[in-house]
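Heads up: the structure comes next, in structure tokens.
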Amino acid sequence: MSRGLVLRLAGLLQSWGETAAFPHRDTAAFPTRSALIGMFAAAQGRTREQALDPYTNLPGTPSHHDLVFTLRLDRPGTPHRDFQTVGGGRPHGTGLRTAAGGYRSKDKSTLVTYRDYLAGAVFTVAVQGPAPLLQHIADTLAEPHFAPYLGRRNCLPDEPLIIHTDIPDPVAALRTAVPLSLPHPPDPDATHIPVTFIHEHPQDPGDTPHRESPSQPSDFTPRNRTHLLRPLWQTTENLPAALYAGPRPINALTEYILKDSPCP
């Protein structure tokens with residue numbers, strides 16, 4: 001299962017909800033497993049009811065449970081909070097309902113809701129799993145049924161989204177090859193740069209998870225949406241300073257992607 005994809009999740013805004021309730025939609029500090037699986041399902045044209053079904057059309061009938069994600073946190077981004085109002089200005093009886101089924105009173109008809117984002121964040125993700133499923137994910141992300149977004153529909157991804165569609169060891173590529181989009185240049189005399197990684201499995205036997213994330217989807221349907229806890233491990237790894245992509249990462253990324261591509 002070592003082969004896999006490499007994706008780059010970058011954009012003006014990202015929001016990876018983890019414990020969101022209606023008045024306050026939070027964001028995790030990095031992409032969640034639930035959001036990535038949802039992105040793949042949307043690209044494939046799967047409905048919320050179908051999103052977590054096994055892939056009976058693929059050899060071996062793989063499912064989302066077979067996918068393993070490793071995240072490299074290139075640029076953590078800047079927390080940003082927006083707010084919206086809901087229900088204001090509408091006549092009584094047509095606005096927001098209460099839990100009991102009635103309507104909020106006129107003086108409480110406007111509800112302020114908060115939305116948390118990461119501004120300017122960049123994450124590079126290794127995706128490992130069964131080869132037929134990885135190929136299906138790569139094909140549908142390249143020509144998606146529903147456009148991908150970074151956790152919320154108003155968070156559009158920058159290009160390139162796909163760095164590798166099939167590479168022997170995508171996690172090693174994160175450590176040694178894929179250009180780094182850092183928030184600032186490394187020191188001129190630096191040979192290595194500390195970079196945070198998030199893993200779904202321990203890197204050494206007996207390692208204690210650094211946290212549990214409610215990001216293992218068990219039901220995506222609107223009325224029954226539920227998630228299970230999933231342990232995560234965090235490491236800080238010293239990567240070569242030469243991976244720095246420079247002030248215009250698109251140039252280094254384009255060169256990297258094209259260097260092994262066959263000429264037309």
Side-chain angles (χ1 to χ4, degrees), residues 1 4-11 13-55 62-73 76-77 79 113-118 121-130 133-134 136-138 140-141 144-157 161-162 170-171 196-201 209-234:
M1 196 186 70
L5 318 176
V6 175
L7 307 177
R8 182 176 184 267
L9 307 180
L13 293 174
Q14 306 188 31
S15 188
W16 309 101
E18 203 173 34
T19 58
F22 180 75
H24 182 198
R25 301 300 177 90
D26 72 328
T27 180
F30 46 80
T32 63
R33 178 178 180 86
S34 175
L36 293 171
I37 291 170
M39 177 192 294
F40 300 160
Q44 295 155 9
R46 289 184 155 205
T47 66
R48 291 182 181 273
E49 290 74 18
Q50 302 166 332
L52 302 178
D53 291 347
Y55 292 81
S63 79
H64 67 283
H65 293 292
D66 300 315
L67 297 174
V68 176
F69 300 107
T70 303
L71 281 66
R72 189 183 76 184
L73 280 56
T113 66
Y114 296 91
R115 304 288 190 269
D116 290 343
Y117 298 91
L118 301 174
V122 180
F123 307 100
T124 309
V125 185
V127 186
Q128 296 171 282
L133 178 53
L134 293 176
H136 185 54
I137 291 170
T140 50
L141 283 177
H145 185 92
F146 297 111
Y149 49 84
L150 305 178
R152 197 170 288 153
R153 288 188 180 90
N154 62 327
C155 301
L156 303 180
L161 174 63
I162 304 171
V171 178
T196 300
F197 281 71
I198 302 295
H199 310 269
E200 293 193 321
H201 295 287
H210 95 281
R211 63 173 296 187
E212 287 187 324
S213 171
S215 60
Q216 175 65 56
S218 59
D219 194 328
F220 271 150
T221 56
R223 292 185 178 275
N224 300 303
R225 188 167 184 170
T226 51
H227 294 77
L228 304 176
L229 291 175
R230 188 172 181 87
L232 297 174
W233 287 260
Q234 179 175 313

Can you list everything that forms a side-chain hydrogen bond (donor to acceptor under 3.5 Å, both in side chains) with [X]? Sequence neighbours excluded, please.
{"X": "Asp53", "value": "none"}
{"X": "His145", "value": "none"}
{"X": "Arg46", "value": "none"}

Which atom of [X] lies closest to which atom of [Y], heavy atoms considered:
{"X": "His24", "Y": "Asp116", "result": "NE2-OD2, 2.8 Å"}
{"X": "Leu13", "Y": "Leu150", "result": "O-CD1, 4.0 Å"}
{"X": "Ala51", "Y": "Ala41", "result": "CB-CB, 3.8 Å"}
{"X": "Ile198", "Y": "Gln234", "result": "CD1-OE1, 3.7 Å"}
{"X": "Gln44", "Y": "Ile137", "result": "NE2-CG1, 3.8 Å"}
{"X": "Leu134", "Y": "Gly129", "result": "CD1-O, 3.2 Å"}

- Query: Does any N or O in the side chain of Thr226 come within less than 3.5 Å of the main-chain N or O of Ser218, such that one atom is a donor and the other an acceptor?
  - Reply: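 Looks like no, no N/O pair under 3.5 Å.
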How about [X] and [Y]: do any of their side-chain heavy atoms sit closer than 4.5 Å?
{"X": "Leu9", "Y": "Leu36", "answer": "yes"}
{"X": "Val6", "Y": "Thr124", "answer": "yes"}
{"X": "His64", "Y": "Gln216", "answer": "yes"}
{"X": "Pro231", "Y": "His199", "answer": "no"}
{"X": "Leu73", "Y": "Phe123", "answer": "yes"}

How far does [atom1] of [X] sit from [atom2] of [Y], to the nearest 0.5 angstrom?
{"X": "Gln128", "Y": "Leu133", "atom1": "CD", "atom2": "CG", "result": "12.5 Å"}
{"X": "His210", "Y": "Trp233", "atom1": "NE2", "atom2": "CH2", "result": "11.0 Å"}
{"X": "Asp26", "Y": "Arg115", "atom1": "CG", "atom2": "CZ", "result": "11.0 Å"}
{"X": "Ser215", "Y": "Phe30", "atom1": "OG", "atom2": "CZ", "result": "7.5 Å"}
{"X": "Leu141", "Y": "Ile162", "atom1": "CG", "atom2": "CD1", "result": "5.0 Å"}

- Could you tell me whether the side chains of Ser213 and Glu18 share a donor-acceptor contact shorter than 3.5 Å?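 Side-chain D/A pair, Ser213 to Glu18: present.
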- Message: Quiz question: by atom type and distance under 3.5 Å, do the side chains of Thr70 and Arg72 form a donor-acceptor pair?
- Response: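 Absent: no donor and acceptor within the cut-off.
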- Task: Applying side-chain contact (heavy atoms from CB on, under 4.5 Å), run through Phe40 and Leu67 and close with a yes or a no.
- Result: CA-CA 11 Å; Phe40 300 160; Leu67 297 174; 4.1 Å; yes
- Is the NZ or CZ atom of Arg33 positioned over Phe69's six-membered ring, under 6.0 angstrom from the centre and within 45° of the axis?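 Geometry flag: not set, cation outside 6.0 Å or 45°.
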- Task: May I have the step-by-step check of side-chain contact (heavy atoms from CB on, under 4.5 Å) for Asp66 and Tyr55, ending in yes or no?
- Result: CA-CA 11 Å; Asp66 300 315; Tyr55 292 81; over 6 Å; no
- Message: Restricting to ring-ring contact (aromatic ring centres under 6.0 Å, His included), what partner residues turn up for Phe220, sequence neighbours left out?
- Response: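 Applying ring-ring contact (aromatic ring centres under 6.0 Å, His included) to Phe220 gives none.
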- Message: Filter on salt bridge (charged side-chain N to carboxylate O under 4.0 Å, His left out), then keep only pairs touching residues 221-231, sequence neighbours left out; what's left?
- Response: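 The answer is Glu200-Arg230.
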- Applying salt bridge (Lys or Arg N to Asp or Glu O under 4.0 Å), name anything that partners Glu212, two or more places apart in sequence or on another chain.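 So Glu212 forms no salt bridge (Lys or Arg N to Asp or Glu O under 4.0 Å) with any residue.
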- Please lay out, stage by stage, how Tyr117 and Asn154 fare under the test side chain to side chain donor-acceptor pair (under 3.5 Å). CA-CA 11 Å; Tyr117 298 91; Asn154 62 327; 3.1 Å; yes
